[in-house]
Amino acid sequence: MDKNQATGLILFAAVILTYSLFFASNPEIPPVESTEPTVEATQNTPQPNTAVLLPDSLLDAQRQLQFGELASWTIGEEQNLTLENEVVKITVSTKGGAIKEVLLKKYFSWQNEPLFLLDSSHSSLNYSLDTRLGTVDLNEFYFAPQLSSETIEGVSQQILTLRASSASGQLIQKYTLSEGQYTLEKSFEIQGLQGIITAKSIRIDWEDQIKAQEKDLAESRRKTQVNYYLAEGSYDNLGLSDDPEEAKVDQPVKWIGFSQRFFTAGIIADSVFQEVALTQSTPSDSSIVRAMSASLSLPLQNGQAKLTHYFGPDQYKTLKAITPGFEENVDMGYFFVSWVNKYIVVHLFEFLEKYFNSYGIIIILIVLLIKLALSPLTYKSYIGMAKMRVIKPEIDELKEKYGDDATKMQQEQMKLFSQLGVSPISGCLPLVLQMPFLFAMFFFFPNAIELRQESFLWAEDLSTYDEFIKLPFTIPFYGAHVSLFTLLMTISQVLYAHFNNQLTTATGPMKNLGYVMPVMFMFVLNSYPAGLSFYYFVSNIFTFGQQALIKLFVDDSKIRQKVEENKLKNVDKKKSKFQQRLEDAMKAADANKKK
């Protein structure tokens, strides 16, 4: 309150006090009647609200000074109204037009409780405007509601219109919820009120303490962050660190998402957001995943502005249909890995869901289909390793002859490979080409809401770890439980490594690496989703079966015969330019080493 407002308030109070002491007459007390019908009539007759007509207290005077012509908007009674379709139920208050609660009807918390994505005890979404008397929070105003419905192009819509009116004009807020949608459209419109509301934009302040909806708090915190998308078309976020983070975005922003592991609450501008400031932190309270806030402004154009809220699941296709870049709220991995997930795995999953209800069966079928598609690469990889296996005597001979001279050994090996028509990378390259699919699943399954609360065999929820045995103590880097799917994956990987070592020429540390890596992954994946461990376990079984089947049809003696034919054919073969450059580089490196 500035000096002029304070002076005016004091003078106004003095006038009221003088009037009440010297000029006001005592009220006449009416006779009391004790008849029962009269009491009943008094109780049922609505009493006029004289505060609306004439301020008669210091509180009313303060309202008049603070809000001016809008003071009458601060008097009223709060009502909560509901917009609801088959997937979401949204409660809006007539006080400020604020969203009080958002209930996702098809989902429940891990404790089987109703899943509120927003609620008044953990979240606040406030709007404010500049007036000639200063900035006012719309939560100070009461709006008259009107709930209606209409059908546009066959789509049913619920519309909630909230009006705050005065002699100078009105402020209108409108919410629209369409059937089957997780999006809630909101619009602002200022009619009249020239010189009273001076705002060129609406200020929005959004705070949310993300409640823990999943069993595994650590995994939830790894997947919860503030995301935002610039109007120019680039995506960014505040990261996944537990340390407090903040960002002031100088460029116009198209949307902001408070993204959890499986759900996102987002706000999307019809135009752009400006003056955006974002924060996130990790509280010590285990019932809260993260605390997030966003402060931003939405420009008014001819007294109007529009935005869209999204309250729903992190399903890639659902998010992609909302607005450009909104699918980034689902982490699909990096570069080629995300490409595999977005264009292959997502569509494959969606197709199989139409025909199968068990997600364990769907995972098995995905493994089968991917293995069949990659079987030519698997076959080439096996043949490449078989060729290296049949020429092992020649390689051992070179090791005995040039074992002390590594450079000479490499040169002679290159000559041998060229003569025999064998490529040392022929067995590795097909495996490398299959790696994107293995890594893609590492991102897909932990973020697949389709697996949430879906059971298979002993796993109650494929989206979190299967606690087959609960330990009375905690093993560092492992946890306080035993995941049976992870254990089976580890055993199958060790068996596969043993089988694979019989087919390759690897020796020493490289040979033992196949046994060490599965054990390391056992520690890493023990607390990861059961669906991921199950996928890797099934994948190992299929790979083992593929290689055993190929071995039945591949004769090492025929491969040796082919190698001998190549040896005779390439006796007078000239070195390729690549081979010559490689040998020259080896010689140069050897010369520098001797110097």
Side-chain angles (χ1 to χ4, degrees), residues 2 66-70 73-74 92-93 95-99 123-143 160-166 168-176 183-208 226-234 236 246-258 265-279 292-310 322-326:
D2 58 23
Q66 184 176 355
F67 300 105
E69 294 87 338
L70 308 180
W73 295 3
T74 64
V92 179
S93 171
K95 186 177 182 182
I99 298 174
S123 313
S124 65
L125 187 56
N126 300 327
Y127 303 90
S128 57
L129 287 167
D130 290 337
T131 71
R132 68 179 183 84
L133 296 178
T135 301
V136 295
D137 188 340
L138 295 192
N139 281 339
E140 298 284 349
F141 299 149
Y142 292 89
F143 291 78
L160 173 61
T161 304
L162 301 166
R163 286 185 173 87
S165 304
S166 69
S168 303
Q170 61 181 344
L171 172 61
I172 303 173
Q173 299 185 70
K174 184 182 289 185
Y175 288 99
T176 304
T183 51
L184 178 69
E185 298 177 6
K186 178 167 187 177
S187 66
F188 298 87
E189 184 178 359
I190 301 172
Q191 297 179 352
L193 302 173
Q194 285 82 6
I196 299 174
I197 294 181
T198 60
K200 298 186 181 301
S201 62
I202 299 171
R203 194 70 196 170
I204 304 172
D205 293 292
W206 181 16
E207 296 183 358
D208 194 3
V226 178
N227 300 322
Y228 60 96
Y229 193 80
L230 300 179
E232 66 179 19
S234 60
D236 207 343
E246 60 181 29
K248 290 187 177 180
V249 187
D250 298 328
Q251 302 180 58
V253 172
K254 182 63 179 177
W255 58 258
I256 298 165
F258 288 1
I267 183 170
I268 306 155
D270 188 61
S271 55
V272 294
F273 295 124
Q274 297 175 337
E275 301 173 353
V276 175
L278 307 169
T279 66
M292 299 176 172
S293 69
S295 178
L296 49 118
S297 63
L298 178 65
L300 286 163
Q301 299 177 354
N302 299 321
Q304 298 181 354
K306 293 182 179 180
L307 58 84
T308 301
H309 293 286
Y310 175 84
I322 301 300
T323 191
F326 206 62

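Heavy-atom basis, side chains included; hydrogens, waters and symmetry copies ignored.
Leu125 is listed as a side-chain neighbour of Ile204, based on a closest heavy-atom distance under 4.5 Å. A 4.5 Å side-chain heavy-atom check between Thr74 and Tyr142 finds every atom pair outside the cut-off. Two residues are said to be in side-chain contact when any heavy atoms from C-beta on lie closer than 4.5 Å; Leu129 and Leu171 meet this criterion. Residues Gln274 and Ser201 have side chains not in contact (no heavy-atom distance under 4.5 Å, counting atoms from C-beta outward). Proximity of Glu185 to Lys306: side-chain heavy atoms (C-beta onward) are nowhere separated by under 4.5 Å.
Closest of all the heavy-atom pairs between Phe143 and Gln173 is CZ-NE2, 3.2 Å. When every heavy atom of Ala305 is checked against every heavy atom of Leu300, the shortest pair comes out as CB-CD2, 3.8 Å. Closest heavy-atom contact between Val253 and Ala269: O-CB, 4.5 Å. Of all heavy-atom pairs spanning Ser123 and Asp208, the tightest one is OG-OD1, 2.6 Å. Contact detail for Asp205 and Ser295: the closest heavy-atom pair is OD1-OG, 3.0 Å. For the residue pair Ser271 and Lys254, the shortest heavy atom distance occurs at O-NZ, 3.5 Å.
Within the model, atoms CG of Asn302 and CD of Glu189 stand 10.5 Å from one another, a figure rounded to the nearest 0.5 Å. Of the inter-residue distances, the one linking Tyr228 atom OH with Asp236 atom CG reads 3.5 Å to the nearest 0.5 angstrom. Remark: Leu138 CG to Leu162 CG distance equals 10.5 Å, nearest 0.5 Å. Interatomic distance, OG of Ser165 versus CD1 of Ile172, reported as 7.0 Å (0.5 Å rounding). In this structure, the separation between CG on Leu193 and OG1 on Thr131 is 10.5 Å, given to the nearest 0.5 Å. Here Leu160 contributes atom CG and Lys174 contributes atom NZ; the two are 10.5 Å apart, rounded to the nearest 0.5 Å.
Applying the side-chain contact (heavy atoms from CB on, under 4.5 Å) test to Phe326 and every residue at least two apart in sequence or in another chain returns Trp255, Thr264, Ile268, Tyr310, Leu319, Ile322, Thr323, Asn329. Legend: residues meeting side-chain contact (heavy atoms from CB on, under 4.5 Å) with Ser293, ordered by chain and number and at least two apart, are Glu207, Thr279.
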Might you work through the side-chain contact (heavy atoms from CB on, under 4.5 Å) test for Ile99 and Lys186, ending with a clear yes or no?
-> CA-CA 11 Å; Ile99 298 174; Lys186 178 167 187 177; 6.0 Å; no
Applying side-chain contact (heavy atoms from CB on, under 4.5 Å), run through Phe141 and Val136 and close with a yes or a no.
-> CA-CA 9 Å; Phe141 299 149; Val136 295; 4.0 Å; yes
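Other residues, nucleotides and ligands contribute only 12 or fewer heavy atoms inside 6.0 Å of the CD atom of Glu246.
For Phe188 and Tyr127, the gap between ring centers is short of 6.0 Å.
Sorted by first and then second residue, the salt bridge (charged side-chain N to carboxylate O under 4.0 Å, His left out) pairs involving residues 123-135 (not counting sequence neighbours) are Glu69-Arg132.
One N or O on the side chain of Asp137 and one on the backbone of Asn139 form a donor-acceptor pair closer than 3.5 Å.
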